[in-house]
Amino acid sequence: MTHIITSLCIRDRGCIEVCPVECMVPGQPVNEWPWIYIDPDTCIDCGACVPECPYAAIFPEDEVPAAYTAKGGEYISKVGLAGHYEGTNHHGKQVVLDTVKQLEAGEVVDLTADIKPNYDYFTSGPGYSAKDSDDGM
Ligand code: SF4
Ligand code: SF4
């Protein structure tokens, strides 16, 4: 099994540095791959990244919620959405995303659709090659 980063990720990056096997890679280009992605073949399911995420975006694969109920105000970030987000990440660097939507309290979202992109990023996407082309976001 692996851990999965879901579309609740808005690139805070607090998770990346605690991963003991360095299997978390920032998506590039950001408009096509808006999250950080976990390499499922390398993740050892240690769980160290989970409490580091201020947006509770990371789950063990078999616990990704099919019906996530929004608290209200959190962002979903996905290709195809057109909302704008600007914030500051864990390192104090600016994050700008143009593929977001802010959720209403009580809105229900299926996050299991977010499992596949974690796999795809390392098969059909840039995978580890993006580690070096990272723009700081
Ligand atoms: S800490 Fe959470 S929001 Fe930040 S990059 Fe990791 S998964 Fe995404
Ligand atoms: S569960 Fe552990 S190995 Fe897997 S991505 Fe998180 S920190 Fe890395």
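These numbers come from the heavy atoms of this one structure, side chains and all, not from hydrogens, waters or symmetry mates.
Distance alone, capped at 3.5 Å, is enough to place a donor-acceptor pair between the N89 side chain and the K93 backbone. D39 places no side-chain N or O within 3.5 Å of a backbone atom of G127 that could act as its donor or acceptor partner. Using a distance-only test at 3.5 Å, with no hydrogens or angles considered, a donor-acceptor pair links the side chain of E74 to the main chain of K71. Without hydrogens or angle criteria, D114 side chain to S7 main chain gives a donor-acceptor distance under 3.5 Å. Using modelled atom types, no side-chain atom of R11 and backbone atom of V96 make a donor-acceptor pair closer than 3.5 Å. Using a distance-only test at 3.5 Å, with no hydrogens or angles considered, no donor-acceptor pair links the side chain of Q28 to the main chain of A130.
Heavy atoms of other residues, nucleotides or ligands lying less than 6.0 angstrom from CD of E86 number more than 12. Counting heavy atoms of neighbouring residues, nucleotides and ligands inside a 6.0 Å radius, atom CD of E22 does not exceed 12 of them.
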Notebook entry, point to check: E107 and K101: salt bridge (charged side-chain N to carboxylate O under 4.0 Å, His left out), yes or no, with the steps?
Noted result: CA-CA 12 Å; E107 199 172 339; K101 170 188 163 187; 2.7 Å; yes
Note to self: Checking E32 against Y121 for the side-chain hydrogen bond (donor to acceptor under 3.5 Å, both in side chains) test, could you report, in this order, the C-alpha distance in whole Å, the side-chain angles of both residues, the deciding distance, and whether it holds?
What the structure shows: CA-CA 10 Å; E32 289 175 37; Y121 191 68; over 6 Å; no
Item checked: Test log, rule side chain to side chain contact (heavy atoms under 4.5 Å, CB included), inputs D62 and M1 -> CA-CA 8 Å; D62 61 359; M1 217 180 58; 3.4 Å; yes
Next item on the list: Please step through ring-ring contact (aromatic ring centres under 6.0 Å, His included) for the pair F122 and Y128, ending with a clear verdict.
Entry: CA-CA 7 Å; F122 294 91; Y128 286 100; 5.3 Å; yes
Check: Can you check side chain to side chain contact (heavy atoms under 4.5 Å, CB included) on W35 and I10, steps first, answer last?
Finding: CA-CA 6 Å; W35 319 326; I10 47 173; over 6 Å; no
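Cluster annotation: Y75 is not connected to L103 through the hydrophobic network of ILVMFWY side chains, with a link wherever side-chain heavy atoms come within less than 4.5 Å. V30 and V100 fall within the same hydrophobic cluster, where Ile, Leu, Val, Met, Phe, Trp and Tyr residues are linked whenever their side-chain heavy atoms come under 4.5 Å apart, directly or through other members. Neither Y55 nor I58 shares a network with the other; the hydrophobic side chains, linked directly or stepwise wherever heavy atoms of I, L, V, M, F, W or Y lie under 4.5 Å apart, form separate groups for each.
C43 is linked by a side chain to side chain contact (heavy atoms under 4.5 Å, CB included) to T2, H3, C23, I38, D45, counting only residues two or more places apart in sequence or in another chain.
Residue L8 holds its CG atom at 8.0 Å from SG of C53, rounded to the nearest 0.5 Å.
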